Undergrad: 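This structure is in structure tokens; I'll ask about it shortly.
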Amino acid sequence: MNPYAYIREQVIAMVGTLADDGVLPKGLDFSNLSVEAPRDPSHGDVATNAALVLTKQARMKPHDIAVPLAERLAGLEQVVAAEIAGPGFINLRLSNDFWRDRLGEVLAAGSAYGDSTMAGGEKINIEYVSANPTGPLHIGHVRGAVYGDALANLLAKVGHDVCKEYYINDAGAQVDVLARSLHLRYREALGETIGEIPEGMYPGDYLVPVGQAMAARDGDKWRSLAEADWLEEFRRFAVAAMMDLVRGDLARLGIEHQVFFSEDSLHKDGGIDRALATLQEKGLIYTGVLEPPKGKTPDDWEPRPQTLFKASQFGDDVDRPIRKSDGSWTYFAADIAYHHNKVERGYRQMVDVWGADHGGYIKRMKAAVRALSDDQGQLDVRLCQMVRLLRGGKVVRMSKRAGNFVTLRELVDEVGRDVVRFMMLTRKNDAPLDFDFDATMEQSKDNPVFYVQYAHARIHSVFRRVAEELPDLPRNVENLIMADLSGLTDSAELDLIKQMASWPRAVEIAAQAREPHRISFYLNELASNFHALWNKGNADPQLRFIITEDSDITQARLALIQGVAFVLASGLAVMGVEPVEVM
RNA sequence: GCGCCCGUAGCUCAGCUGGAUAGAGCACCGGACUUCUAAUCCGGUUGUCGCAGGUUCGAAUCCUGCCGGGCGCACCA
């Protein structure tokens, strides 16, 4: 049960009884009526703005609504106090039994606690990473990869049918460059001296074994052929090898896409033609000449007729070209076809995760989806800002030309998967993020990963201890569910339960906002409250979890911390971080 | 010149989609270990929420205009 939703129903029901009795008018609109935990705990457990929201509709002063409403709410079994405060809020304090019942729900659900049916099984497609298949993944890809993956987990948790997808940019000039670079490495593998890799080719060592594999498979059959004869095969071979590399890198982060979609396939099987025919039928394709961009005009600008998509009809600033002047398709044309394909596969909800430098591309892509789906499909583009690496207080400089960017593999090997994933989710996706190597190596509160995992490990440490000290005490979940919880009376204990009870709501809000970083903030707070309770036990031995001479209270407290462990595990699962049991 | 994102404590950032006296960590000061893991906890200090208007019972949050920073701006992917 979501306690806030539950109390909201009660409030609305009570307003209904007041209307029945003629105190309030009938037919009131409750859409803005909220029931939330007040920021200041001294205001009670939950607060409602009912009187404030209804004042205009009812043509009554907030106070005149609040007084009778509070009176009726106070009569509810779960409510021990109802007070009117501020401009007309009603603050409710709920009974301890009501809260203890919530702990039972946590234990019954286990680490599935917080799962929701909010999305009703609706299909949603989330495309992320989609890095060019021209080399290993590097630091610039990591954030989008982690964000996209955590978002996919989060959406699944609230009841979406999620498809995780990777778009392979295996068409276009950069793949030809890759094929030529591979041909060099192939000749090298056959014993030629190739010298310095020419400017404009991919110089990375990762192509060396691919060249060797090619030589081992085919011998020298491609060596003296003209480029036109080997290019196609080398493209295919190179892309396959690069995608193996990429999949291996992603596996290191624990990321696995269900669908890898090839851009090239859209060119080859007529996907682009079909998508553009769809737009053509709607009268959204025409030949025209674009205005030069406002402000500074590029030096080589010249007016030329192009095939254009009427993106401006769907909120974009200008119409966008879908054919280059040489007649070939633009990248945008293929992207239209790709999203057309998603729509054809039945997706109405689509999420694309991009780097911040692609911000200028959002409007045209959204326009295309609206046009293709007759406004039925919804594309949400989430941008991930830059990650700055810091070491020893200094920014780690990287440049593509120098080839000294930090790879995903190096990063994960150095600090570990859990640290990378957690740190990438400690900021809003559209805010820049500093990744400080020194802080991640530190085992202290500076390091949020350790802080949260430490709480989880401590709980398991208590269970290990109780197995030694009270071996006969039933301590598995089935027994803890039936424990008598009435001994949980300390405010820190009850606060912990209240916070756990807000977890399902926190999950739904994070999913609605599509902001998985909120999960990490929630977990930090939960861990903090747990650590606080732990230390209370240091000061007052009566508050320890294990009281050897009182098995009832021990069991109640085991139930409490088992609940915390479940919620921590539930949240860490969204983030894709392992809940460790020993540290 | 246009579009998108951002501006909150000395620093790094939250702020539950409009609520009450704006929060947390770091930093700084002072306390708690014969302990269920001190990798922790407790207390103290810190603000023109970039500026100016507007919307209303109520604005850090929504709208408009400025100021400041980032990214992107015909056929590249």
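The model shown is predicted, which means the values in this text are computed figures rather than measured ones. Naming: A, B, ... by sequence-line order, numbering from 1 per chain.
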Undergrad: Would you jot down, in residue-number order, the residues of residues 500-510 of chain A having a non-hydrogen atom under 4.0 Å from RNA chain B?
TA: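 Contacts with RNA chain B under 4.0 Å: A/R505, A/I509.
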Undergrad: Tell me whether A/Q542 at atom CD has more than 12 heavy atoms from other residues, nucleotides or ligands lying less than 6.0 Å away.
TA: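 Counting neighbours around CD of A/Q542, 12 or fewer heavy atoms of other residues, nucleotides or ligands fall under 6.0 Å, so no.
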Undergrad: Between A/D170 (side chain) and A/E263 (backbone), is there a donor-acceptor pair under 3.5 Å?
TA: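 Flag set: sc A/D170 to bb A/E263 pair under 3.5 Å.
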Undergrad: Taking the side chain from A/S181 and the backbone from A/V177, do they hold a donor-acceptor pair closer than 3.5 Å?
TA: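 Yes; judged by distance alone, with no hydrogens or angles, the pair exists.
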Undergrad: I'd like to check the salt bridge (charged side-chain N to carboxylate O under 4.0 Å, His left out) partners of A/D264; sequence neighbours left out, ordered by chain and number.
TA: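 Here the qualifying residues are A/R235, A/K268.
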Undergrad: What I'd like to find out is whether the side chain of A/M583 reaches to under 4.5 Å of the side chain of A/H456, using heavy atoms alone.
TA: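 No, side chains not in contact.
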Undergrad: State yes or no: are the ring centers of A/Y6 and A/Y4 separated by less than 6.0 Å?
TA: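 Judged by ring-centre distance (under 6.0 Å), A/Y6 and A/Y4 do not meet the cut-off.
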Undergrad: Just how far, in rounded Å, is C1' of B/G72 from CD1 of A/I362?
TA: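 Taking atom C1' of B/G72 as the reference, CD1 of A/I362 is at 10 Å.
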Undergrad: Using the C1' atom in both, what is the distance from B/U48 to B/A22, to the nearest Å?
TA: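 That atom pair is separated by 14 Å.
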Undergrad: Taking atom P in both B/G3 and B/A74, compute the distance separating them and give it to the nearest angstrom.
TA: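 Looking at atom P only, B/G3 and B/A74 are 15 Å apart.
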Undergrad: Could you list all N or O pairs between the protein and nucleotides 75-77 of chain B that sit under 3.5 Å apart?
TA:
from  : atom 1 : to     : atom 2 : distance (Å)
B/C75 : O4'    : A/Q306 : NE2    : 3.3
B/C75 : O2     : A/S325 : N      : 2.7
B/C75 : O2     : A/S325 : OG     : 2.4
B/C75 : N3     : A/R304 : NH1    : 3.4
B/C75 : N3     : A/R304 : NH2    : 3.0
B/C75 : N3     : A/S325 : OG     : 3.2
B/C75 : N4     : A/R304 : NH1    : 2.9
B/C75 : N4     : A/R304 : NH2    : 2.8
B/A77 : OP1    : A/K324 : NZ     : 2.8
B/A77 : O3'    : A/Q174 : OE1    : 3.4
B/A77 : O3'    : A/Q174 : NE2    : 3.1
B/A77 : O2'    : A/N132 : OD1    : 3.2
B/A77 : O2'    : A/N132 : ND2    : 2.9

Undergrad: If I pick the P atom on B/U55 and the same atom on B/G10, what distance separates them, to the nearest angstrom?
TA: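 Between the two P atoms, the distance is 32 Å.
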Undergrad: Could you check whether A/D45 pairs with A/R93 (Lys NZ or Arg NE/NH1/NH2 to Asp/Glu carboxylate O, under 4.0 Å)?
TA: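 A salt bridge is absent here (no side-chain N lies under 4.0 Å from a carboxylate O).
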Undergrad: Name the nucleic acid region contacted by A/D430, choosing base, sugar-phosphate or nothing; use a 4.0 angstrom heavy-atom cut-off, strictly under.
TA: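 Answer is sugar-phosphate: A/D430 comes under 4.0 Å of backbone atoms only.
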Undergrad: Separation of A/F450 atom CZ from B/C26 atom P, in whole Å?
TA: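 A/F450 atom CZ is separated from B/C26 atom P by 17 Å.
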Undergrad: Test: side-chain hydrogen bond (donor to acceptor under 3.5 Å, both in side chains). Region: residues 549-562 of chain A. Which pairs qualify, not counting sequence neighbours?
TA: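 Those involving residues 549-562 of chain A are A/E493-A/R557.
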Undergrad: Apply side-chain hydrogen bond (donor to acceptor under 3.5 Å, both in side chains) to residues A/R458 and A/Y454 and explain how you reach the verdict.
TA: CA-CA 6 Å; A/R458 267 183 155 177; A/Y454 183 45; 3.2 Å; yes
Undergrad: For RNA chain B, what is the dot-bracket line, given that a base pair needs Watson-Crick (N1 to N3, plus N6-O4 or O6-N4) or G-U wobble (N1-O2 and O6-N3) geometry with both distances under 3.5 Å, and | means paired with another strand?
TA: (((((((..((((.....[...)))).(((((.......))))).....(((((..]....))))))))))))....
Undergrad: Can you identify which nucleotide, out of B/C36, B/G15, B/U40, has its nearest atom closest to the A/H531 side chain?
TA: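 Selected nucleotide: B/U40.
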Undergrad: Using a heavy-atom cut-off of 4.0 Å across all strands, would you classify A/D357 as base, sugar-phosphate, or nothing?
TA: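 Contact class for A/D357: sugar-phosphate only.
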Undergrad: For A/D176, answer base if it contacts any base atom (sugar-phosphate contacts may also be present), sugar-phosphate if it contacts only those atoms, and nothing otherwise; contact means non-hydrogen atoms under 4.0 Å.
TA: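 Counting heavy atoms under 4.0 Å across all strands, no contact is made by A/D176.
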Undergrad: At their closest point, which heavy atom of A/R323 faces which heavy atom of A/Q306, and how far apart are they?
TA: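 The pair with the smallest heavy-atom distance is O-NE2, 3.8 Å.
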Undergrad: Calculate the interatomic distance between A/D319 atom CG and B/C73 atom P; express it in whole Å.
TA: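 Value for this atom pair: 19 Å.
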Undergrad: Decide yes or no for A/F435 and A/R143: does some side-chain heavy atom of the first lie under 4.5 Å from some side-chain heavy atom of the second?
TA: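 No, their side chains stay 4.5 Å or more apart.
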Undergrad: Can you confirm whether A/L568 sits close enough to A/F530 that some side-chain heavy atom of one is under 4.5 Å from a side-chain heavy atom of the other?
TA: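 Not touching, per the 4.5 Å side-chain cut-off.
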Undergrad: Going by the rule side-chain hydrogen bond (donor to acceptor under 3.5 Å, both in side chains), which residues pair with A/N476 if we only count those two or more places apart in sequence or in a different chain?
TA: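 Partners of A/N476 under the side-chain hydrogen bond (donor to acceptor under 3.5 Å, both in side chains) test: A/N479.
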Undergrad: For RNA chain B, which residues in residues 541-563 of chain A have a heavy atom at a distance below 4.0 Å?
TA: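 Residues of residues 541-563 of chain A under 4.0 Å from RNA chain B: A/R544, A/F545, A/I546.
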Undergrad: Provide the distance between the two P atoms, one in B/C26 and one in B/G68, to the nearest whole Å.
TA: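 The answer is 36 Å between these two P atoms.
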Undergrad: What's the gap between B/C63 and B/A59 when it is taken at their C1' atoms, as a whole Å value?
TA: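 The answer is 12 Å between these two C1' atoms.
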Undergrad: How far, in whole Å, is B/G69 from B/U64 if one measures between their P atoms?
TA: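 B/U64 and B/G69 have their P atoms separated by 22 Å.
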Undergrad: Mind checking the P distance from B/C51 to B/G7? Whole angstroms is fine.
TA: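 My reading of the P atoms in B/C51 and B/G7 gives 13 Å.
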Undergrad: Can you list, by residue number, the residues of residues 511-522 of chain A that have a non-hydrogen atom closer than 4.0 angstrom to RNA chain B?
TA: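 Correct list: A/A513, A/H517, A/R518, A/F521.
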Undergrad: Select base, sugar-phosphate, or nothing to describe what A/G359 touches, counting heavy atoms under 4.0 Å on all strands.
TA: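 Counting heavy atoms under 4.0 Å across all strands, no contact is made by A/G359.
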Undergrad: When rounded to the nearest Å, what value does the distance between C1' atoms of B/G23 and B/A14 take?
TA: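 After rounding to an integer number of Å, I get 7 Å for this pair.
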Undergrad: Is A/M386 touching bases, backbone alone, or none of the nucleic acid, heavy atoms closer than 4.0 Å?
TA: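 No contact.
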Undergrad: Could you work out, with ring-ring contact (aromatic ring centres under 6.0 Å, His included) as the rule, every residue matching A/Y286, not counting sequence neighbours?
TA: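 Applying ring-ring contact (aromatic ring centres under 6.0 Å, His included) to A/Y286 gives none.
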Undergrad: Which pairs, protein N/O on one side and nucleotides 8-12 of chain B N/O on the other, fall under 3.5 Å?
TA:
from  : atom 1 : to     : atom 2 : distance (Å)
B/U12 : O2'    : A/R427 : NH2    : 2.7

Undergrad: Without hydrogens or angle criteria, can the side chains of A/E508 and A/S116 be said to hold a donor-acceptor pair below 3.5 Å?
TA: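 Indeed, the side chains of A/E508 and A/S116 share at least one donor-acceptor pair under 3.5 Å.
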Undergrad: Just to verify, what does A/F309 make a ring-ring contact (aromatic ring centres under 6.0 Å, His included) with, not counting sequence neighbours?
TA: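 None.
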Undergrad: Could you check whether A/K428 gets within reach of a base, just the sugar-phosphate, or nothing at all, counting any heavy atom under 4.0 Å?
TA: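 Contact class for A/K428: sugar-phosphate only.
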Undergrad: Residues two or more places apart in sequence or in another chain: which of them pass ring-ring contact (aromatic ring centres under 6.0 Å, His included) with A/Y128?
TA: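 So A/Y128 forms a ring-ring contact (aromatic ring centres under 6.0 Å, His included) with A/H257.
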Undergrad: Taking CG from A/L383 and P from B/C5, how many angstroms apart are they, rounded to a whole number?
TA: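 It is 9 Å, rounded to the nearest whole Å.
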Undergrad: Classify the nucleic acid contact of A/K363 as base, sugar-phosphate or nothing, counting any heavy atom under 4.0 Å across all strands shown.
TA: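 Sugar-phosphate: the residue A/K363, judged by heavy atoms under 4.0 Å, touches backbone atoms but no base.
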Undergrad: Could you tell me how far apart A/F530 (CZ) and B/A39 (C1') are, to the nearest whole angstrom?
TA: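 After rounding, the reported distance stands at 13 Å.
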Undergrad: Which residue in the set A/F261, A/F260, A/Y338 passes ring pair (Phe, Tyr, Trp, His ring centres under 6.0 Å) when paired with A/Y166?
TA: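 When ring pair (Phe, Tyr, Trp, His ring centres under 6.0 Å) is applied between A/Y166 and each of A/F261, A/F260, A/Y338, only A/F260 qualifies.
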Undergrad: Side chains of A/M424 and A/L433, heavy atoms from C-beta outward: is any pair under 4.5 Å?
TA: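 Heavy-atom side-chain distance check passes, below 4.5 Å.
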Undergrad: Provide, to the nearest angstrom, the distance between the CD atom belonging to A/Q385 and the P atom belonging to B/G7.
TA: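 Spelled out: CD on A/Q385 to P on B/G7 is 12 Å.
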Undergrad: Applying a 4.0 Å non-hydrogen cut-off, can you work out what A/A532 is touching in the nucleic acid: base, sugar-phosphate, or nothing?
TA: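 Counting heavy atoms under 4.0 Å across all strands, the contact made by A/A532 is with sugar-phosphate only.
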Undergrad: Mind calculating the distance between CG (A/L533) and P (B/C42) to the nearest angstrom?
TA: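 The distance from CG of A/L533 to P of B/C42 comes to 11 Å, rounded to the nearest Å.
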Undergrad: Work out which heavy atom in A/D319 is nearest to a heavy atom in A/A311; give both atom names and the distance.
TA: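 Scanning both residues, the minimum pair turns out to be OD1-N, 3.3 Å.
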Undergrad: Answer with base, sugar-phosphate or nothing: what part of the nucleic acid does A/L290 contact at a heavy-atom distance below 4.0 Å?
TA: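 Since only primed, P, OP1 and OP2 atoms lie under 4.0 Å of A/L290, the category is sugar-phosphate.
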